[in-house]
Participant: 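Sharing a structure here in structure tokens format.
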Number of protein chains: 2
Amino acid sequence: MTIPTSIASQQHDHSHCISTAMEQAKAVCAQNGARLTPLREQVFRLVWNSHQPLGAYALMDMLAAESTRRVAPPTVYRALEFLLEQGLIHRINMLNAFVGCTHPSSEHANNFLICEHCGVAIEFSADPLQTSINDTAAEFGFSINAQSIELMGCCQHCREAEL
Amino acid sequence: MTIPTSIASQQHDHSHCISTAMEQAKAVCAQNGARLTPLREQVFRLVWNSHQPLGAYALMDMLAAESTRRVAPPTVYRALEFLLEQGLIHRINMLNAFVGCTHPSSEHANNFLICEHCGVAIEFSADPLQTSINDTAAEFGFSINAQSIELMGCCQHCREAEL
DNA sequence: CGACAAAGTGTTATAGAATAACATAACTTC
DNA sequence: GAAGTTATGTTATTCTATAACACTTTGTCG
């Protein structure tokens, strides 16, 4: 049911990603008693249009292109805020951009590999990594509320393509 | 010679932090053949005024307050860019803010504990953590160019103060 | 049903963060 | 000291994000 993140940078049937994400989103909202309104669903679809994080203003333009009415920043930011709260999307701090969450139902840390060439953000989770994080925090007597791990570099796909 | 990061959130002789950081900065620049001009030194001092990350515009206001002439954004951004290049400061992506690096001479990853209450950013490094990061990247065939680990939460000092 | 509250969206304006482009000054290096 | 490089000043603009208020839709409860 969860979307395998490792395929993000490879050729794949992305429409399948979208439909799976959509299903999951509806399930999550139903469970949380949250309303996935048409506008929110539209923003969610746009975010999921690719595995490349999208800026709020890019999303705004896409929204404006789809509907005839003009769209102001708060419209998209409120939708994004809702989706973030529901854990349906993530914010990439290094890019000021947003990307769909590939496993919204499970507990998830905010861990990303971001390719500088193709722009794809690959979400990952790794138990030993999380253990190290928790150990380090404990060492400092620090309690974690939010965590952001972002690794910028070059994905396998792009490196092989450049040979 | 290196400033112990764990004390950042505690009472300490901060003037000592500043003078140590200043020494290190001069050494690093000398070694790199980079010019730590008066402006850059001034910005460096301001960043080091505390262990709380500072936004570029806050720094700009502080610069303006110190000198009579008005200061425009590029002035501070260029100084910050230089200091980042020399590895003398770090950028906290979650906050759009900058903080002094506590061990500029050694190889350093961009790892921070950030207290939401007192605003202090504690830089840390941990071998097992870095190993996990590298292992994970290797698993995905991903080569890392830049890394950002930011943990938001509550530091020991603040938690104890709230009891 | 109808009134009320709550949640969502529209709209305007503004704040905050960062950079582009060009001009001027200062510092090398020969 | 003339030429080239590096640093800074200056103006304008772009990109990112939120505040404040109006209006509409949805949900609830008597």
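Chain letters run A, B, ... following the sequence lines, proteins first and then strands; every chain starts at 1.
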Participant: Quick one: is C:dT9 close enough that its OP1 or OP2 comes under 4.0 Å of any side-chain N or O from A:Thr37?
Facilitator: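 Yes, within the criterion.
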Participant: Please state how far atom CG in B:Leu36 lies from atom C1' in D:dT8, giving the value in whole angstrom units.
Facilitator: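 My rounded result for the distance is 15 Å.
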Participant: Hey, do the aromatic rings of B:His14 and B:His12 have their centres closer than 6.0 Å?
Facilitator: yes
Participant: Nearest whole Å is fine: how far is C:dA17 C1' from B:Leu54 CG?
Facilitator: 15 Å
Participant: Could you give the CG-to-P distance, from B:Leu63 to D:dA7, as a whole number of Å?
Facilitator: 17 Å
Participant: Here's a test of your reading of the structure: between A:Gly55 and A:Pro74, which maps to the more 5' nucleotide of DNA chain D?
Facilitator: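 Comparing both residues, the 5'-ward one is A:Gly55.
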Participant: Is the aromatic ring centre of A:Tyr77 closer than 5.5 Å to the centre of the six-membered base ring of D:dT18, with the two planes inclined by less than 30°?
Facilitator: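 Whether judged by distance or by angle, A:Tyr77 falls short somewhere, so it does not stack on the base of D:dT18.
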Participant: Without swapping roles, check the side chain of A:Gln52 against the backbone of A:Cys118 for a donor-acceptor pair under 3.5 Å.
Facilitator: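 A pair under 3.5 Å: yes.
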Participant: Check the distance between D:dG9's P and B:Leu39's CG and give it to me in whole angstrom.
Facilitator: 6 Å
Participant: Students often get this wrong, so: under 4.0 angstrom with heavy atoms, is B:Arg40 touching a base, only sugar-phosphate, or nothing?
Facilitator: sugar-phosphate
Participant: Without hydrogens or angle criteria, can the side chains of A:Ser67 and A:Arg69 be said to hold a donor-acceptor pair below 3.5 Å?
Facilitator: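 Yes, because at least one side-chain N or O of A:Ser67 sits under 3.5 Å from a partner of the opposite role on A:Arg69.
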Participant: Check for a donor-acceptor pair, side chain of B:Glu116 on one end and backbone N or O of B:Met152 on the other, with a separation under 3.5 Å.
Facilitator: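 Between the backbone of B:Met152 and the side chain of B:Glu116 there is no qualifying donor-acceptor contact (under 3.5 Å).
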Participant: Whole Å only: how far is the CE atom of A:Met60 from the P atom of C:dT9?
Facilitator: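 So the two atoms are 17 Å apart, to the nearest Å.
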Participant: Is B:Arg69 touching bases, backbone alone, or none of the nucleic acid, heavy atoms closer than 4.0 Å?
Facilitator: sugar-phosphate
Participant: Do B:Asn93 and A:Ile92 come close enough that some side-chain heavy atom pair is under 4.5 Å?
Facilitator: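 Of all side-chain heavy-atom pairs linking A:Ile92 with B:Asn93, none is under 4.5 Å.
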Participant: Determine: side-chain N/O of B:Thr75 to OP1/OP2 of D:dT8, distance under 4.0 Å, yes or no.
Facilitator: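 False: B:Thr75 side-chain N/O out of range (4.0 Å or more) of D:dT8 OP1/OP2.
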Participant: Once you round it to whole Å, what is the distance between C1' of D:dA7 and CD of B:Gln86?
Facilitator: 14 Å
Participant: B:Leu59 has an atom CG; how far is it from atom P of C:dA17, in whole Å?
Facilitator: 11 Å
Participant: If you assign each of B:Arg78 and B:Arg35 to its closest nucleotide in DNA chain C, which residue comes earlier from the 5' end?
Facilitator: B:Arg78
Participant: Looking at the base of D:dG9, is there any donor atom on it, or on the side chain of B:Arg70, that sits under 3.5 Å from an acceptor on the other one?
Facilitator: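 In this structure, the two groups form no donor-acceptor pair.
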Participant: Whole-Å distance between D:dT18 P and A:Leu84 CG?
Facilitator: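 To the nearest whole Å, that distance equals 10 Å.
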